[in-house]
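Heads up: the structure comes next, in structure tokens.
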Amino acid sequence: DGGITQSPKYLFRKEGQNVTLSCEQNLNHDAMYWYRQDPGQGLRLIYYSQIVNDFQKGDIAEGYSVSREKKESFPLTVTSAQKNPTAFYLCASSVADGGYGYTFGSGTRLTVV
Amino acid sequence: QQPVQSPQAVILREGEDAVINCSSSKALYSVHWYRQKHGEAPVFLMILLKGGEQKGHEKISASFNEKKQQSSLYLTASQLSYSGTYFCGTDPPPNAGGTSYGKLTFGQGTILTVHP
């Protein structure tokens, strides 16, 4: 079955360390997205990519970086520059214009200790 | 800018109806609705495109008034399985080339709790 896989499910990081969250899809979707979810704030867009080797900043890109070297993969790196990284991170994918809705991964819960 | 959802929370008994509203300060091309169970990924419910059409999904339907920049989600004869947080996601009009970016801005969510 096609889907979108995020790993790991839980991640603990020490302050000052970079960490990379994995996101892989086998839906043949062109577009991929990273959202951050904090209690009571809904989902906020970090980065998105509509095509391989191209990506755009979302509303809260500071302290994050991404790459899109393959259509199936869109990893997110949370850098030490991100001041408040503890959150639930969701990856999603869609057809190019989002016209059939997003498919979300099951998320990664990142905790900075 | 984030669309505003109302109410923030609603509590129902099984069989009761509810309406969740989503309002934007910007022109809209489409509105998506998602439901998220606690600790899980959001699940796509439906998309409404510019044109005021109403769509349905089991006993859940929605409308989109592009002039008012609003959408409403209607839950009829609620079931326990309807409990969760509902999000609307809004998509701005396509660019000059006619291509929508599909880049959604989500509301803050409405927590729906259905009791037996």
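Everything quoted here is computed from the prediction, not taken from an experiment. Throughout, protein chains are lettered first and strands after them, A, B, ... in sequence-line order, and every chain is numbered starting at 1.
Ranked by heavy-atom pairs under 4.5 Å with chain A, the list B/Gly39, B/Gly89, B/Ala41 is led by B/Ala41.
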Item to complete: Report the C-alpha separation of B/Asp17 and B/Thr76 in whole Å, then their side-chain angles, then the decisive distance to 0.1 Å, and conclude whether the side chain to side chain donor-acceptor pair (under 3.5 Å) test is met.
Response: CA-CA 5 Å; B/Asp17 302 339; B/Thr76 306; 4.8 Å; no

Worksheet item: How far apart are the C-alpha atoms of B/Phe87 and B/Gln5, what are their side-chain angles, what is the distance that settles it, and do they pass the side chain to side chain contact (heavy atoms under 4.5 Å, CB included) test?
Response: CA-CA 8 Å; B/Phe87 292 98; B/Gln5 290 184 231; 4.2 Å; yes

Discussion item. Side chain to side chain donor-acceptor pair (under 3.5 Å), that's the test. Do B/Thr105 and B/Gln2 meet it? Break it down for me.
Written reply: CA-CA 6 Å; B/Thr105 301; B/Gln2 192 177 28; over 6 Å; no

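B/Gln36 touches chain A through its side chain: at least one heavy atom from C-beta onward sits under 4.5 Å away, while N, CA, C and O do not. The part of A/Gln37 that comes within reach of chain B is its side chain, from C-beta onward, which places non-hydrogen atoms under 4.5 angstrom from that chain. Looking at A/Leu90, the atoms closer than 4.5 Å to chain B (heavy atoms on both sides) all sit in the side chain, from C-beta outward.
The aromatic rings of A/Tyr102 and B/His32 sit perpendicular to each other, their planes meeting at more than 60°, with 30° as the lower class boundary.
Figure legend: cation-pi geometry between A/Arg109 and A/Phe88, with NZ or CZ positioned under 6.0 Å from the six-membered ring centre and within 45° of its axis.
Cluster membership check: A/Leu45 does not share its hydrophobic cluster with A/Phe74, using side-chain heavy-atom separations under 4.5 Å among Ile, Leu, Val, Met, Phe, Trp and Tyr.
Contact annotation for residues 107-116 of chain B against chain A (heavy-atom separation below 4.5 Å, listed by residue number): B/Gly107, B/Gln108.
Shown are A/Glu72, A/Lys71, A/His29; of these, the side chain to side chain donor-acceptor pair (under 3.5 Å) with A/Ser93 is made only by A/His29.
In plain terms, the two heavy atoms of B/Tyr29 and B/Phe64 that are nearest each other are O-CE2, 3.9 Å.
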